[in-house]
S.K.: 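Structure below; questions to follow.
Below, chain A is the first sequence line, B the second, and so on; all start at residue 1.
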2 protein chains.
Amino acid sequence: MRKAEDILALKGVKPTAVRLNLLEFLLEQDKALSLKEMEIGLLHMDRSSIFRSLKSFEEYKLIHSINDGTGMTKYAVCAEGCNCELEDLHYHFYCTSCEKTFCLMDHPIPSIILPKNFKMTDANMVIKGLCDQCNK
Amino acid sequence: MRKAEDILALKGVKPTAVRLNLLEFLLEQDKALSLKEMEIGLLHMDRSSIFRSLKSFEEYKLIHSINDGTGMTKYAVCAEGCNCELEDLHYHFYCTSCEKTFCLMDHPIPSIILPKNFKMTDANMVIKGLCDQCNK
DNA sequence: CAAGACAGTGCAACTCGATTGCAAAGTTTA
DNA sequence: TAAACTTTGCAATCGAGTTGCACTGTCTTG
Ligand SMILES: [Mn+2]
Ligand SMILES: [Mn+2]
Ligand SMILES: [Zn+2]
Ligand SMILES: [Zn+2]
């Protein structure tokens, strides 16, 4: 597991206590988390502090956000080497049973043929269904 | 252009005044609309009436909703013959310049190879960038 | 054609995730 | 050290979405 401190240093974000705790917590996860879930997992930490740290993290490309259709934005730590460019985009999977949202890091988004003169700069691709744990 | 009355009859939704006006308005559009935009375009109509009509339309598969990441759900009339099954899913395009959200009806979502034992039942695929009008 | 049952509508209130203003606390700079 | 700047905590606010409720319109049945 990569160390929070190293990631902050690498991306040029000042390592405050809040940021270190938050990033460490995010690094432990196997799924993308909502702000609410972070609040619950980090009881001593204030919501707006978490919120603003997330904004910083996103700005400096430590994390990316996912809009899975639940109404709550989810966040996940970027993979090593990710620069949040087009080639780093990947599918996300939302399990309608356990309600977890996963990064399918091994499923990059293929190039999509768009109508003439349309230009892609970003994407939010969410597949919904049952995850392996729930599809039994 | 298909007629609102016919569509309601075909899908088995009672043709009330609100529903006819709303569906006619939606049929005129070349982009997906938010509830707010419908409120503005149909000044005499109440927000919650529009909202509940949209819910009915969606339930009876006259329209589908799109989560384009703007925080406002967009709605678009389904293509003729659409049953809102997996094979009817298509990409959507959100233009970050003009802020229009388009249905790319001619761009069905290809089958995606998922991790072992994951099962897809739905998807929300939004490509972001510049539309042909804005990419100049 | 009533009378009652049922579905649809309009208005106002409310929910809840996201965001912001502001003052206090912490950090950096000169 | 003092001023300048950044971060944090708390409370307030925003806004899309949703709901309760009374009223109205439509349908069903005797
Ligand atoms: Mn991801
Ligand atoms: Mn569409
Ligand atoms: Zn699951
Ligand atoms: Zn555009």
S.K.: If you define the side chain from C-beta out and look only at heavy atoms, does anything of Q29(B) sit under 4.5 Å from V77(B)?
M.R.: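 No; the side chains remain at least 4.5 Å from each other.
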S.K.: Expressed as a whole number of angstroms, how long is the span from I50(B):CD1 to dT18(D):C1'?
M.R.: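 I50(B) atom CD1 is separated from dT18(D) atom C1' by 14 Å.
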S.K.: Starting at atom NE2 of H44(A), determine the distance to atom P of dT8(D), rounded to an integer number of angstrom.
M.R.: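 From H44(A) NE2 to dT8(D) P: 12 Å.
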S.K.: For I113(B), I'd like to know if atom CD1 has over 12 heavy atoms of other residues, nucleotides or ligands within 6.0 Å.
M.R.: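 Not buried by this count: 12 neighbours or fewer within 6.0 Å.
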S.K.: Both G71(B) and K14(B) contact DNA chain D. Which one's nearest nucleotide lies toward the 5' end?
M.R.: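 It is G71(B), whose closest nucleotide lies nearer the 5' terminus.
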S.K.: Between S34(A) (side chain only) and K74(A) (backbone N and O only), is there a donor and an acceptor less than 3.5 Å apart?
M.R.: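 The answer is no, because no donor-acceptor pair under 3.5 Å joins these two groups.
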S.K.: If I take atom CG in residue D46(B) and atom P in nucleotide dT19(D), what distance separates them, rounded to the nearest angstrom?
M.R.: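 Rounded to the whole Å, the gap is 15 Å.
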S.K.: Using heavy atoms to find the nearest nucleotide of DNA chain C for S49(B) and F51(A) separately, return the residue whose nucleotide is more 5′.
M.R.: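 It is S49(B) whose nearest nucleotide is closer to the 5' end.
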S.K.: Please determine whether a side-chain nitrogen or oxygen atom of R19(B) lies at a distance below 4.0 Å from atom OP1 or OP2 of dG8(C).
M.R.: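 It does, given that an N or O in the side chain of R19(B) lies less than 4.0 Å from OP1 or OP2 of dG8(C).
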S.K.: What is the distance from CZ of R47(B) to P of dC11(C), rounded to the nearest Å?
M.R.: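 So the CZ-P distance, R47(B) to dC11(C), works out to 11 Å.
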S.K.: Taking CZ from R52(A) and P from dT6(D), how many angstroms apart are they, rounded to a whole number?
M.R.: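 To the nearest whole Å, that distance equals 14 Å.
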S.K.: Below the 4.0 Å mark, does dT7(D) have OP1 or OP2 next to a side-chain nitrogen or oxygen of T16(A)?
M.R.: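 No.
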S.K.: Atom CG of L54(A) and atom C1' of dT8(D): how far apart are they, to the nearest Å?
M.R.: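 Interatomic distance, CG of L54(A) to C1' of dT8(D): 14 Å.
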S.K.: For Y60(A), is the OH atom crowded, meaning more than 12 foreign heavy atoms sit under 6.0 Å from it?
M.R.: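 Incorrect, the count does not exceed 12.
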S.K.: Provide, to the nearest angstrom, the distance between the CG atom belonging to L35(A) and the C1' atom belonging to dG9(D).
M.R.: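 Rounded to the whole Å, the gap is 14 Å.
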S.K.: What is the distance, rounded to the nearest whole Å, between atom NZ of K74(A) and atom C1' of dA18(C)?
M.R.: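 These atoms are roughly 15 Å apart.
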S.K.: Are E58(A) and S65(A) linked by a side-chain donor-acceptor pair shorter than 3.5 Å?
M.R.: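 There is such a pair between these side chains.
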S.K.: Counting only side-chain nitrogens and oxygens, does T73(A) get under 4.0 Å of the OP1 or OP2 atom of dA18(C)?
M.R.: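 True: T73(A) side-chain N/O within range (under 4.0 Å) of dA18(C) OP1/OP2.
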S.K.: Tell me whether the side-chain N/O atoms of K36(B) come closer than 4.0 Å to OP1 or OP2 in dA16(D).
M.R.: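 For K36(B), the contact criterion (side-chain N or O under 4.0 Å from OP1 or OP2 of dA16(D)) is met.
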S.K.: Looking only at side-chain N and O atoms, does K55(B) come under 4.0 Å of OP1 or OP2 in dT18(D)?
M.R.: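 Yes, K55(B) has a side-chain N/O under 4.0 Å of OP1/OP2 on dT18(D).
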S.K.: Counting just side-chain N and O atoms, does S48(B) come under 4.0 Å of either OP1 or OP2 of dG10(C)?
M.R.: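 Result: no.
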